[in-house]
Engineer: 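If you scroll down you'll find the structure; I have some questions about it.
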Amino acid sequence: MSRVRPVPGGRAVEVEPERLHGWIARFAERHGPVEAHIAANVVITAADGATATFVTRGGATVEEVVERLAEPRRVGLVLVRLGGHSVGVAFGDRVEVSATDRKQVHGRIRAGGWSQQRFARRREGQARVALQAAADDVVRVLVPRLAQLESVVLGGDRQALDVLRNDRRLTGVFDIAEDRVLDVPEPRRAVLDEAAHRARCVEVVIQDTRATGPGAGRMETGEGA
């Protein structure tokens, strides 16, 4: 089953490019005949007003667009959660180079008073060390290879990523970062491998004007795709 996340006005689903033609056909089955408009994005509008929108990397027809989207590309991957990170370069599904690390960051406590303040300071210090290590690995793995990358795919905790975004050494990395942020568990090498696969997927944003109810949007989430 494809991954789905809510977005303003609808939802977004990840679809492997090889399965995109079939997904569009099932979208038309549920919503009626479709028309496609291709510009900066592909916007597919169905008879009932529902739309499906996804990026294009060239092509004058939907068939050409999907063919281009299926072509392997080299991307950077930056996955960060508080205390852990995994950074890599992937070509297609294969991770070519990577760095993964984990630093101890204590959880929060409920106790009050001076001990809580001391614990909070200690935790903040641990978080800084962990995020600094993440930034250093991004500098080491991605920055020297920026000219080879088509884009950078981010994942993990948005607050942690924002800390990295403020590191001037990483300006070039975030300049080519995609808008989407993958939801990932604690970054490990296996999680990075999965992120490489998900980076190939086309994120389709669905806006359904019909009334919702049991089963609404079921096929668009990728079931049976």
Engineer: Are V62 and V205 connected, step by step, through hydrophobic side chains (Ile, Leu, Val, Met, Phe, Trp, Tyr) whose heavy atoms are closer than 4.5 Å?
Structural biologist: no
Engineer: Please find the pair of heavy atoms, one from P72 and one from F91, that lie closest to each other, and give the distance.
Structural biologist: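 Where P72 meets F91 most closely, the heavy atoms are CB-CZ, 3.6 Å.
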Engineer: Quick check on H37: does its NE2 atom have over 12 non-hydrogen neighbours (other residues, nucleotides or ligands) under 6.0 Å away?
Structural biologist: no
Engineer: What is the minimum heavy-atom distance between V141 and G88, and which atoms define it?
Structural biologist: CG1-CA, 4.2 Å
Engineer: How long is the gap from CD1 on I44 to CD1 on I38, to the nearest 0.5 Å?
Structural biologist: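 Between atom CD1 of I44 and atom CD1 of I38 there are 8.5 Å.
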Engineer: Could you state the interatomic distance from OG (S98) to CG (D137), rounded to the nearest 0.5 Å?
Structural biologist: 9.5 Å
Engineer: Would you say N166 has more than 12 foreign heavy atoms packed within less than 6.0 Å of its CG?
Structural biologist: yes
Engineer: Between A40 and T56, what is the shortest heavy-atom contact and its length?
Structural biologist: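 Distance-wise, the nearest heavy atoms are O-CG2, 3.1 Å.
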Engineer: Applying the side-chain contact (heavy atoms from CB on, under 4.5 Å) criterion to V80, which one of D162, V87, V163, L131 satisfies it?
Structural biologist: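 It is L131, the one option of D162, V87, V163, L131 that forms the side-chain contact (heavy atoms from CB on, under 4.5 Å) with V80.
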Engineer: As a quick check of understanding, evaluate side-chain contact (heavy atoms from CB on, under 4.5 Å) for L20 and V65, giving each step before the final call.
Structural biologist: CA-CA 10 Å; L20 192 54; V65 168; over 6 Å; no
Engineer: Which ILVMFWY residues can you reach from V43 by hopping between side chains whose heavy atoms are under 4.5 Å apart?
Structural biologist: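 Direct or chained contacts put V43 with none.
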Engineer: Looking only at atom types and distance, does a side-chain atom of E64 sit under 3.5 Å from a main-chain N or O of A60, one as donor and one as acceptor?
Structural biologist: yes
Engineer: Which pair of non-hydrogen atoms, one from F54 and one from E203, has the smallest distance, and what is that distance?
Structural biologist: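 Taking F54 first and E203 second, the nearest heavy atoms are CB-O, 3.6 Å.
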Engineer: Do V13 and W23 pass the side-chain contact (heavy atoms from CB on, under 4.5 Å) test, and can you show the C-alpha distance, the side-chain angles, and the key distance before you say yes or no?
Structural biologist: CA-CA 11 Å; V13 58; W23 188 95; 4.1 Å; yes
Engineer: Check for a donor-acceptor pair, side chain of R94 on one end and backbone N or O of A196 on the other, with a separation under 3.5 Å.
Structural biologist: no
Engineer: Applying the side-chain contact (heavy atoms from CB on, under 4.5 Å) criterion to L182, which one of V191, L154, V153, V78 satisfies it?
Structural biologist: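 It is V153; the other options fail the test.
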Engineer: side-chain contact (heavy atoms from CB on, under 4.5 Å) for H31 and D208? Distances and angles first, verdict last.
Structural biologist: CA-CA 9 Å; H31 297 278; D208 189 348; 3.6 Å; yes
Engineer: Taking side-chain hydrogen bond (donor to acceptor under 3.5 Å, both in side chains) as the definition, give me every residue that meets it alongside R169, ordered by chain and number, with sequence neighbours left out.
Structural biologist: D136, D167
Engineer: Looking at E71 and R73, does any basic side-chain N land under 4.0 Å from a carboxylate oxygen?
Structural biologist: no
Engineer: If you round to the nearest 0.5 Å, how far is OG1 of T51 from CD of E35?
Structural biologist: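 These two atoms lie 13.0 Å from each other.
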Engineer: Please name the pair of heavy atoms, one in E16 and one in C201, separated by the smallest distance, quoted to 0.1 Å.
Structural biologist: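 Answer, listing the atom of E16 first, then C201: CG-SG, 3.9 Å.
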Engineer: State yes or no: do F174 and L142 share one hydrophobic cluster built from I, L, V, M, F, W and Y residues joined by side-chain heavy-atom distances below 4.5 Å, directly or via other members?
Structural biologist: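 Per the 4.5 Å side-chain linkage, F174 and L142 are co-clustered.
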Engineer: Is there a path from V15 to V7 through hydrophobic residues (I, L, V, M, F, W, Y) whose side chains come within less than 4.5 Å of each other?
Structural biologist: no
Engineer: Go through the steps to decide whether V89 and L77 satisfy the test side-chain contact (heavy atoms from CB on, under 4.5 Å), and finish with yes or no.
Structural biologist: CA-CA 6 Å; V89 173; L77 301 166; over 6 Å; no
Engineer: Report the C-alpha distance between R198 and D183 in whole Å, list the side-chain angles of each, state the deciding distance to 0.1 Å, and finish with yes or no for salt bridge (Lys or Arg N to Asp or Glu O under 4.0 Å).
Structural biologist: CA-CA 11 Å; R198 292 177 63 191; D183 54 317; 2.9 Å; yes
Engineer: Exactly one of V184, T100, V95 should register a side-chain contact (heavy atoms from CB on, under 4.5 Å) with S86. Which one does?
Structural biologist: T100
Engineer: Looking at P8 and Q207, what are the two nearest heavy atoms and their distance?
Structural biologist: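 The pair with the smallest heavy-atom distance is O-NE2, 3.9 Å.
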Engineer: Can you sort out the partners of R145 under salt bridge (Lys or Arg N to Asp or Glu O under 4.0 Å), two or more places apart, ordered by chain and number?
Structural biologist: none
Engineer: Within the supplied structure, the quantity of interest is the number of heavy atoms (other residues, nucleotides, ligands) at a distance under 6.0 Å from Q159 CD; does it exceed 12?
Structural biologist: no
Engineer: Judged by modelled atom types alone, do S151 and E178 share a side-chain donor-acceptor pair under 3.5 Å?
Structural biologist: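 Yes - a donor-acceptor pair under 3.5 Å links their side chains.
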Engineer: Are L146 and V75 connected in the hydrophobic side-chain network, where two residues link if heavy atoms are under 4.5 Å apart?
Structural biologist: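 No; V75 is not reachable from L146 via cluster members.
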Engineer: To the closest 0.5 Å, what do you measure between NE2 (H197) and CD (E14)?
Structural biologist: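 So the NE2 of H197 and the CD of E14 are separated by 8.5 Å.
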Engineer: Indicate if L164 and V139 have the same hydrophobic cluster label, given that clusters are the connected sets of ILVMFWY residues with side-chain heavy-atom separations under 4.5 angstrom.
Structural biologist: yes
Engineer: For the residue pair V55 and L69, establish whether any side-chain heavy-atom pair is separated by less than 4.5 Å.
Structural biologist: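 Of all side-chain heavy-atom pairs linking L69 with V55, at least one is under 4.5 Å.
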Engineer: Quick one: does E63's side chain get under 4.5 Å of H21's, heavy atoms only?
Structural biologist: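 A side-chain contact under 4.5 Å exists here.
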Engineer: Rounded to the nearest 0.5 Å, what separates atom CD in E67 from atom OG1 in T61?
Structural biologist: 8.5 Å
Engineer: I'd like to know if E18 pairs up with R200 as an ion pair, taking the criterion as any Lys NZ or Arg NE/NH1/NH2 lying under 4.0 Å from an Asp or Glu carboxylate oxygen.
Structural biologist: yes
Engineer: Could you state the interatomic distance from CG (L79) to CG (L192), rounded to the nearest 0.5 Å?
Structural biologist: 5.5 Å
